[in-house]
Student: 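Before we start, here is the structure in question, set down as structure tokens.
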Amino acid sequence: MRLDAKLRSALFWMIGIGVQVYCIAEANVTLSMLAAPVWLLAWPVSMSVKGRPLPKLVLGLIALGLTIRVLAAAIVSPEDFVAAVSRYIVWLQLLKLFDRREPGDVAQAMALSVFLVLGSCLTSNSMWLGVGLLVYTPAALWGITIYQLYAEALRTGDGEFRDRPVPPGAFSHLRRLGAGAGVAAMGVAVVVFLLMPRGYGEGFLGDVGVVEPVSVSGVPEEVRLGESGLISTSFAEVLSVVVTDEQGRNVGELVKPLYLKALTLDEYANGRWRQSRQLYNARGRASARSHERPLVFHGVTDESNVVEGYPVYEQRIRFLTGDRTRMPTMNRAIRMEPDDDDPRSVRVNAHDITLFNVSGLALSSYTVWSQPDAPRVPPEGLRDALDWRYPRGFEGSAAQRLAQRWIGEAGLSRDPDLWVGPDDHEIARLFEARLQKEFDYTLEMIAPEPGEDPIDMFLTRTKAGHCEYFASTMTAMLRSLGIDARVVTGYAATEYNETTGAFLVRENQSHAWVEARTEPDRWRTYDPSPSAEVATAHQGPSGLVAFARRAIKAANAFWIDHIVGFDRNRQAQALGSQRSRLRAFFEGLWPTPPESPQGESDEQINEFRAAGTRTLIGAAIQVAGLVVGAFGLSVALIILMRRLDLFFEARQRRHERLRHDPEHALRHRQAAFFRRYQKALRRAGHPRGVSTTPMAHALALGSVSGDAARDGAALTALYYRLRFGQVLLGEEELEQAERLLGRITSALRSAR
Amino acid sequence: MILRRRYHVHPPGIVYCIITTLLGLGALNSQNNLLFGAFGLALGGLLISGIVSGAMLMGLRVTRLGVEPAPEGEPVVIRYEVENRSRIYPIFAVRIGEHRSHGATFQRHIEPRETLVMHLAPRSRARLSAACPSERRGEFTLGATQITTRFPFGIIRKSIIIPEHTLGLVHPRRVDARRLNEAVGRALAGEDPCSDRQWQGAGLDLLALREYTPGDSPRRIAWRVSARLGELIVRDSQPTKPARRWVALDLTAGDSAMAGDDACENAIALTAAVIARITTSGAAPGLLVPASGLRIAPTPATLQGVAGATTEHAKERELIDELARLDLSRCRPAPMDIGSRIGPNASVVVVSARTLTTPTPPRQQRTSPGNSEAVTA
């Protein structure tokens with residue numbers, strides 16, 4: 001192949017992949033679908049020496065049209081100017097494919113492609129962009145390498161090297177060299193990626209290069225029954241959560257479903273739940289002390305919250321998409337650490353122990369420790385944070401009537417003036433169980449009648465609703481009895497991925513449940529929604545597609561955890577572990593002697609020395625093993641590469657010969673009967689050995705039948721004429737070969 | 001020999017470094033890990049480019065096989081042998097040229113051109129040549145071979161220099177001897193009354209038939225052959241005794257002064273043409289340049305026919321090489337004392353630079369005991 005043709009093909013692939021990478025980054029399916037056929041149409045021009053480019057006039061007119069379009073876009077909507085310019089570059093590159101110009105133009109097109117892909121990195125950090133980059137990088141390296149070869153040929157002498165054919169074997173060597181250089185460059189990239197300091201210099205250039213997360217939904221600040229709220233059918237991933245116990249064991253399966261509290265809603269009016277801005281005193285009256293909610297700890301570790309005797313769960317939570325202000329956690333967080341942000345920017349609401357980020361910076365991950373079932377112990381100085389209660393409400397409502405009927409039926413009672421009653425937990429459990437049992441779960445949203453309270457509607461008319469209705473109703477029932485309760489919004493994560501050990505929380509898993517104060521310092525969690533229906537509503541997709549999707553999601557989780565979310569903490573972890581391993585290794589090589597060997601007995605000293613020697617020998621064996629292993633691997637790789645190289649060279653030679661020698665190509669086509677004959681024998685269990693000649697193999701068919709052996713010999717003789725006699729067979733001989741083959745095949749079939 | 005890699009800054013490399021720096025700054029500013037990856041890849045490209053091309057260059061050995069002289073205005077061919085000593089790295093896109101160091105003096109004489117090693121497999125060798133247009137007659141020195149590459153990514157231009165001294169020559173420019181006027185042609189062909197060919201007589205054996213050139217004697221035209229072919233064909237006979245011709249080059253402009261450089265160059269070019277013509281005619285040429293003290297006697301051809309022609313062309317080459325080496329700055333005006341310098345009974349063609357601004361006809365003299373007769377053609 002000529003060098004210029006190779007260059008055009010390299011440019012073709014580089015631009016095509018680059019454009020698709022850009023489309024992935026921009027999530028622009030339309031552009032991708034439009035660009036792909038245009039790109040494919042450029043194939044004849046790119047791949048063939050005789051391919052005709054478009055006339056220069058046509059190209060110029062199209063380029064002019066594109067330029068006018070981008071200028072018009074700049075005037076009409078200046079905010080989309082950057083996107084318009086990017087699209088302009090895309091089309092300009094595709095246009096370049098239809099042109100036949102000088103190497104300088106090729107270099108420009110390649111540079112545009114590289115800039116377009118670099119620009120893509122500024123707009124997205126999705127896994128698919130990473131996959132696109134993995135495909136694009138080798139294509140770009142190959143294109144640039146070929147271009148350099150071509151440019152040097154052009155620069156040297158008077159351009160006489162430009163049209164010279166490339167020496168045989170050159171591209172094979174070039175492929176190997178390019179692959180090695182590419183792998184080495186990527187290795188360097190990995191090292192730089194690992195070692196570049198994180199967390200320094202952030203924001204010093206403003207928003208340059210900052211990729212804003214795409215906001216999908218998140219937890220709404222209020223729930224409007226009958227109108228809108230948490231209900232969503234979107235499968236968009238919101239969070240990735242890994243839960244471990246105190247021993248570091250993953251307990252994802254045990255805590256399934258995982259309730260992640262984001263926000264509590266405690267004020268109800270006109271069918272809406274929202275968070276109260278009001279502070280209450282111990283009698284449930286509005287407090288005059290402050291309208292601000294008290295904040296307990298400002299993102300710092302606060303061990304004083306730990307209650308002995310209750311399990312502690314560590315949650316490593318990573319935002320995938322969505323709002324990053326609210327920070328969902330398991331109930332009763334006792335400690336938290338943001339992974340990549342200033343700890344002081346995270347606040348904890350003492351009222352309901354919900355976490356939120358007030359810094360305004362994009363928080364990517366955080367770690368929280370929780371004791372879900374433990375009573376609450378506020379820090380010193382803030383004991384009065386517990387000394388409050390919600391005002392009683394829902395008096396005379398359908399919720400109160402139902403609550404009183406149910407506790408009466410259960411033989412329980414509740415004094416509404418008490419702060420906390422002895423049967424409160426039983427009452428809450430009763431409501432939870434009966435709501436789950438006697439009401440239906442549905443995502444069909446029914447609007448209440450004008451003037452009708454949505455909770456009353458749920459209790460008396462529809463008797464069906466979704467989690468918001470169940471949680472609202474239970475909260476109303478408890479409040480009507482004087483029990484402090486509130487609606488909790490967050491996520492009920494059920495999609496546990498065993499591969500990654502992480503819960504994948506989707507937008508459709510947003511959920512509402514109830515927290516009730518059943519002891520003076522203890523809030524318990526209740527979920528009155530029917531669990532089976534909730535699981536069905538919240539379950540991820542199923543089937544083969546779902547399996548593939550889960551696998552992709554696992555890869556995506558890895559991508560987000562290890563690539564996109566590789567922050568200062570992860571860097572410290574990764575490098576720290578390597579440092580400690582290195583230190584341990586060298587300590588094993590040179591063991592430290594006891595500080596006062598004089599005080600030790602000879603036996604102890606000898607034992608120490610023997611241990612040191614053993615360690616040294618062990619280390620030496622390890623090193624030797626590593627060296628031998630690395631050497632062996634290298635040799636194996638070289639042999640493999642050589643084999644592959646020989647294989648590809650032989651294939652290329654064959655193709656070249658078939659292409660350039662018409663008679664050989666004809667002989668090759670005529671020999672098809674022999675290839676079918678060999679295949680038939682192979683299938684019938686008579687494969688030809690490497691050292692067996694075709695004729696000996698044919699005669700060995702005597703074990704099948706004498707006729708088959710004779711026919712095989714005759715067929716092989718024809719093949720010998722073709723192969724070694726370099727004689728083309730006539731029509732009659734070819735027909736004879738077909739007849740012989742038919743007879744042999746039927747003989748083999750009958751023998752089987 | 002210790003070879004040292006050299007790295008050269010060039011615009012694409014500068015642009016690449018600026019973009020890489022911007023990538024790094026953007027990555028730090030945004031903490032965008034994809035940008036960190038892209039930055040790492042850019043650094044990796046820079047590093048690997050240096051390593052690959054450096055290793056390629058260090059594995060390459062170039063030997064200059066020689067320089068083929070050429071007349072002024074025509075390309076001088078420099079031949080190289082390249083060897084890839086590496087067991088691993090193939091060579092790609094390496095340019096080989098001449099470096100202006102280590103005492104190189106080729107700048108005034110040739111315009112250096114590079115040649116390209118497109119591909120050289122590990123442990124293999126190849127021969128290449130570079131055709132460099134010649135600009136000025138003279139002897140020059142090639143000081144060092146420069147091997148350059150930008151492969152694989154074009155980011156850094158690397159080179160190594162291998163010192164190796166080779167002498168080269170640019171011959172006087174070629175002048176078509178057929179343009180010499182008829183009388184000179186006749187004189188050179190031995191038809192002149194003073195010619196020793198005339199004295200010795202032409203041989204009887206046919207040497208060759210050739211096209212007629214102005215100055216050939218009509219007696220030597222092969223009429224039957226000419227009639228058959230439709231053009232004049234001349235019969236060359238085997239001389240019975242090789243003729244000797246001296247060519248004297250007079251570089252003085254008059255009384256004790258050297259002629260101008262252009263005139264001298266023209267005279268030298270003409271002298272080379274006369275020598276070539278003498279050789280073609282089967283005579284043995286000698287050269288006398290009083291201004292430089294150069295005197296090379298005509299060597300009689302000892303062999304006849306093809307072998308003889310080879311010997312005579314070697315003689316021609318020797319004389320033209322000497323003319324190429326003629327350094328005008330070292331020439332001093334000297335009298336054309338032909339008789340005392342050459343001896344009696346010698347046929348001499350004098351080429352004078354006195355009136356030559358473009359190649360013009362030489363004069364022919366014949367020396368005799370005690371005096372010399374000049375025949376001006």
Side-chain angles (χ1 to χ4, degrees), chain A residues 3 117-118 121-122 124-125 129-130 133 137 141 144-145 147-149 151-153 155-158 161 164 166-167 169-170 173-174 176-178 180-182 184-193 196-211 340 563-567, chain B residues 12 15 19 22-49 51-53 56 88-97 113-122 124 126 129-133 148-155:
Chain A
L3 200 53
V117 172
L118 283 179
C121 295
L122 300 177
S124 170
N125 55 16
L129 177 62
L133 289 177
T137 305
L141 289 177
I144 293 168
T145 308
Y147 172 73
Q148 283 306 319
L149 204 57
E152 291 289 333
R155 282 189 201 111
T156 313
D158 294 321
F161 294 96
R164 284 191 189 175
V166 179
H173 280 134
L174 194 62
R176 274 191 293 176
L177 188 71
M186 286 193 182
V188 174
V190 169
V191 172
V192 171
F193 179 85
M196 274 291 283
R198 300 302 202 282
Y200 299 103
E202 185 174 359
F204 77 101
L205 288 176
D207 290 338
V208 176
V210 177
V211 179
D340 56 355
I563 309 294
V564 177
F566 188 81
D567 52 21
Chain B
V15 171
I19 290 172
L22 288 178
L23 268 179
L25 290 176
L28 280 176
N29 180 65
S30 63
Q31 297 290 305
N32 179 343
N33 280 332
L34 279 187
L35 281 188
F36 276 116
F39 175 63
L41 201 60
L43 280 184
L46 194 68
L47 195 67
I48 298 304
S49 171
I51 291 173
V52 167
S53 52
M56 271 181 5
I88 300 168
Y89 290 102
I91 303 285
F92 283 103
V94 169
R95 293 153 67 184
I96 297 171
R113 290 288 165 88
E114 291 176 318
T115 185
L116 179 74
V117 185
M118 181 87 85
H119 168 245
L120 194 60
S124 63
S129 59
C132 310
T148 315
T149 188
R150 301 180 198 206
F151 193 80
F153 304 137
I155 303 167

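Scope of the values below: all heavy atoms of this structure, side chains included, with no hydrogens, waters or symmetry mates. Lettering follows sequence order; numbering is per chain, from 1.
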Student: How about B:Leu28 and A:Met196: do any of their side-chain heavy atoms sit closer than 4.5 Å?
Tutor: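 The answer is yes, as the side chains (C-beta and beyond) meet within the 4.5 Å cut-off.
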Student: Over all heavy atoms of both residues, which pair between A:Ser124 and B:Leu34 is shortest? Give the atoms and the distance, please.
Tutor: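 Shortest heavy-atom separation between A:Ser124 and B:Leu34 comes out as O-CD1, 3.5 Å.
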Student: Where do A:Leu149 and B:Ala93 come nearest, in terms of heavy atoms and distance?
Tutor: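 Smallest heavy-atom distance, with atoms named: CD1-CB, 3.5 Å.
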Student: Tell me, for B:Leu23 versus chain A, whether the close heavy atoms (under 4.5 Å) come from the side chain, the backbone, both or neither.
Tutor: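 Only the side chain of B:Leu23 comes within 4.5 Å of chain A.
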Student: Go through the atoms of B:Ala38 and report whether side chain, backbone, both or neither lie under 4.5 Å from a heavy atom of chain A.
Tutor: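 Just its side chain gets close to chain A.
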Student: If you count heavy-atom pairs within less than 4.5 Å of chain B, which of A:Leu141, A:Val190, A:Val191 leads?
Tutor: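 Highest number of heavy-atom pairs under 4.5 Å: A:Leu141.
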Student: Closest heavy-atom contact between B:Gly44 and A:Val188?
Tutor: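 In this case the closest contact between B:Gly44 and A:Val188 is CA-CG1, 3.5 Å.
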Student: Shortest non-hydrogen contact from A:Ala189 to B:Gly37?
Tutor: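 Smallest heavy-atom distance, with atoms named: CB-O, 4.0 Å.
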Student: At a heavy-atom separation under 4.5 Å, does A:Leu174 approach chain B through its side chain, its backbone, both, or neither?
Tutor: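 Contact with chain B is through both the backbone and side chain of A:Leu174.
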Student: Do B:Pro122 and A:His173 have side chains that get closer than 4.5 Å, going by heavy atoms?
Tutor: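 Counting from C-beta outward, B:Pro122 and A:His173 do come under 4.5 Å.
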Student: Heavy atoms only: give me the nearest B:Leu35-A:Cys121 pair and the separation to one decimal.
Tutor: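 Distance-wise, the nearest heavy atoms are CD2-CB, 4.0 Å.
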Student: What is the distance from atom CG of B:Leu41 to atom CG of A:Leu133, rounded to the nearest 0.5 Å?
Tutor: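 Those atoms lie 9.0 Å apart.
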Student: Sort B:Ile96 into side chain, backbone, both or neither according to what part of it lies under 4.5 angstrom from a heavy atom of chain A.
Tutor: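 Neither part; nothing is under 4.5 Å.
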Student: Below 4.5 Å from any heavy atom of chain A, which atoms of B:Arg150 appear? Answer side chain, backbone, both or neither.
Tutor: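 Both backbone and side chain.
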Student: State, to 0.1 Å, how close B:Pro152 and A:Gln148 come at their nearest heavy-atom pair, and which atoms those are.
Tutor: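 Minimum heavy-atom contact is O-CG, 3.2 Å.
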Student: Tell me, side chain or backbone of A:Ile144 under 4.5 Å from chain B's heavy atoms, or both, or neither?
Tutor: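 Interface part for A:Ile144: both.
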Student: Going by ring-ring contact (aromatic ring centres under 6.0 Å, His included), name the residues that satisfy it together with B:Phe151, two or more places apart in sequence or in a different chain.
Tutor: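 So B:Phe151 forms a ring-ring contact (aromatic ring centres under 6.0 Å, His included) with B:Phe92.
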